[in-house]
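Read the numbers this way: they start at 1 and go in the same order the structure lists the ligands and their atoms. FYI, the numbering just counts along the sequence from 1.
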Amino acid sequence: MVPGARLIVLGKQGAGKGTQCMRLSHRYVVPHISTGDMLRAAVKSRTPLGLQARRYLDAGDLIPDEVVLAMVAARLDQDDTRTRGFVLDGFPRTVAQADGFDELLKPAVIDLVLNLVVPTGLVLERLVSRRVCEDCGAIYSTSAPPKLNWSCDVCGGEVVQREDDTEEAIKNRLDLYDSSTAPLVTRYAALGKLVEVWGVGSPDEVTNSLTAVIDAYQHGGEFFPPTPTQARPPAGRRELRELPLGAGEQS
Ligand code: AMP
């Protein structure tokens, strides 16, 4: 079994973070911690946190830092994150969250921050066509729908458009990414933790790129210490090409 790891995956919404984090969580046998999934679950079960969070999610706004940090702190208190680590999806999203998280984690530290780079035009296309299973969260798109009547191939749940995948909320989330989340790239690069990975291609191609970086890190390979180079299309690939997510992939 490969050693565990404490990983953060950054990237715009629609960059494929969810799918890739789920795959990394299986491969490195660490929990996948998605703050978006936790918040959606809270909204669905109408907990006090969910009632508070709903309007932020619907508008594509960020939940206040202290609320998200408290939620992540409670999750990190569970034993499964202590033994082998975790892969964080959608967190941190602001410099204040990253600073708070560093404090929470002490004396441990993050191993690697992987920034999944996907051009904005492509991310927009993916978000507008994204459809999700209401029950298990499996991801589809209008170009790769479930096999039967918008019923999830995995669990049979109803496959719908996410309530925050409206054009207005998507635009708001992308603007917030630029103003609040993009500075984290510089922050983690300065700490020598950041590696940028080109996120366009089939899910398998992107997973291979990510695991190559992580495996090299774990084995003290030549990638390290990481250099914060700008991810770009592989040589010889002239145009941005994307294969649809496979049926039942997580976002
Ligand atoms: P996601 O599933 O990561 O796309 O997140 C969905 C929504 O949950 C976001 O648009 C925010 O409203 C909220 N959210 C998720 N993670 C965070 C976070 N780390 N900080 C603030 N808001 C968050």
Side-chain angles (χ1 to χ4, degrees), residues 7-22 24-25 31-45 47 49-76 86-105 110 113-116 118 120 123-124 126-141 160-185 187-188 199 245 249-251:
L7 305 170
I8 292 175
V9 179
L10 294 179
K12 296 177 189 122
Q13 290 193 325
K17 290 191 304 294
T19 297
Q20 297 302 334
C21 286
M22 188 196 63
L24 296 180
S25 131
H32 170 195
I33 302 181
S34 157
T35 44
D37 285 351
M38 291 161 83
L39 289 163
R40 277 185 290 278
V43 169
K44 200 171 173 184
S45 45
T47 64
L49 168 66
L51 295 173
Q52 195 189 348
R54 174 156 203 153
R55 67 189 166 92
Y56 292 94
L57 265 87
D58 286 350
D61 284 336
L62 292 180
I63 308 293
D65 291 331
E66 58 281 9
V67 175
V68 178
L69 274 164
M71 187 176 82
V72 171
R75 181 65 186 87
L76 288 184
F86 44 76
V87 52
L88 277 172
D89 170 7
F91 177 90
R93 258 179 160 95
T94 65
V95 171
Q97 288 181 16
D99 290 343
F101 184 57
D102 282 353
E103 289 301 313
L104 275 180
L105 211 53
I110 283 291
V113 179
L114 299 147
N115 185 27
L116 212 48
V118 176
T120 303
V123 159
L124 262 175
R126 285 183 183 178
L127 289 175
V128 167
S129 63
R130 176 162 74 176
R131 300 292 181 271
V132 297
C133 171
E134 275 195 319
D135 292 339
C136 75
I139 294 292
Y140 302 88
S141 76
V160 297
Q161 184 163 32
R162 233 169 80 167
E163 283 182 21
D164 61 347
D165 278 347
T166 60
E167 214 175 306
E168 205 178 329
I170 290 170
K171 188 173 171 309
N172 190 26
R173 273 150 42 205
L174 290 174
D175 287 348
L176 276 174
Y177 178 85
D178 288 339
S179 59
S180 303
T181 310
L184 293 180
V185 172
R187 180 187 191 274
Y188 286 116
L245 287 180
E249 296 277 2
Q250 304 281 315
S251 80

So what's ligand 1 close to, N/O to N/O, under 3.5 Å?
residue  : atom   : partner : partner atom : Å
ligand 1 : 2 (O)  : R40     : NH1          : 2.9
ligand 1 : 2 (O)  : R40     : NH2          : 2.9
ligand 1 : 3 (O)  : R93     : NH1          : 3.2
ligand 1 : 3 (O)  : R93     : NH2          : 3.1
ligand 1 : 4 (O)  : Q13     : NE2          : 2.4
ligand 1 : 4 (O)  : R162    : NH2          : 3.1
ligand 1 : 5 (O)  : R93     : NH2          : 3.4
ligand 1 : 12 (O) : D61     : O            : 2.5
ligand 1 : 16 (N) : T35     : OG1          : 2.8
ligand 1 : 16 (N) : G90     : O            : 3.4
ligand 1 : 16 (N) : R93     : NH1          : 2.9
ligand 1 : 19 (N) : G90     : O            : 2.9
ligand 1 : 19 (N) : Q97     : OE1          : 3.0
ligand 1 : 20 (N) : Q97     : NE2          : 2.9
ligand 1 : 22 (N) : I63     : N            : 3.0

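Looking only at distances, a side-chain donor or acceptor of N172 sits under 3.5 Å from a matching main-chain atom of A59.
At a threshold of 4.0 Å, the pair K44-D135 counts as salt-bridged, since one of the basic side-chain nitrogens sits closer than that to a carboxylate oxygen. Salt-bridge check for R54 with E163: passed, with a basic side-chain N closer than 4.0 Å to an acidic carboxylate O. With respect to the salt-bridge test (charged N to carboxylate O, under 4.0 angstrom), the residues R55 and D58 do not qualify.
Put simply, the side chain of K171 reaches to within 4.5 Å of the side chain of D175, judged on heavy atoms.
Closest of all the heavy-atom pairs between K17 and L10 is CD-C, 3.8 Å.
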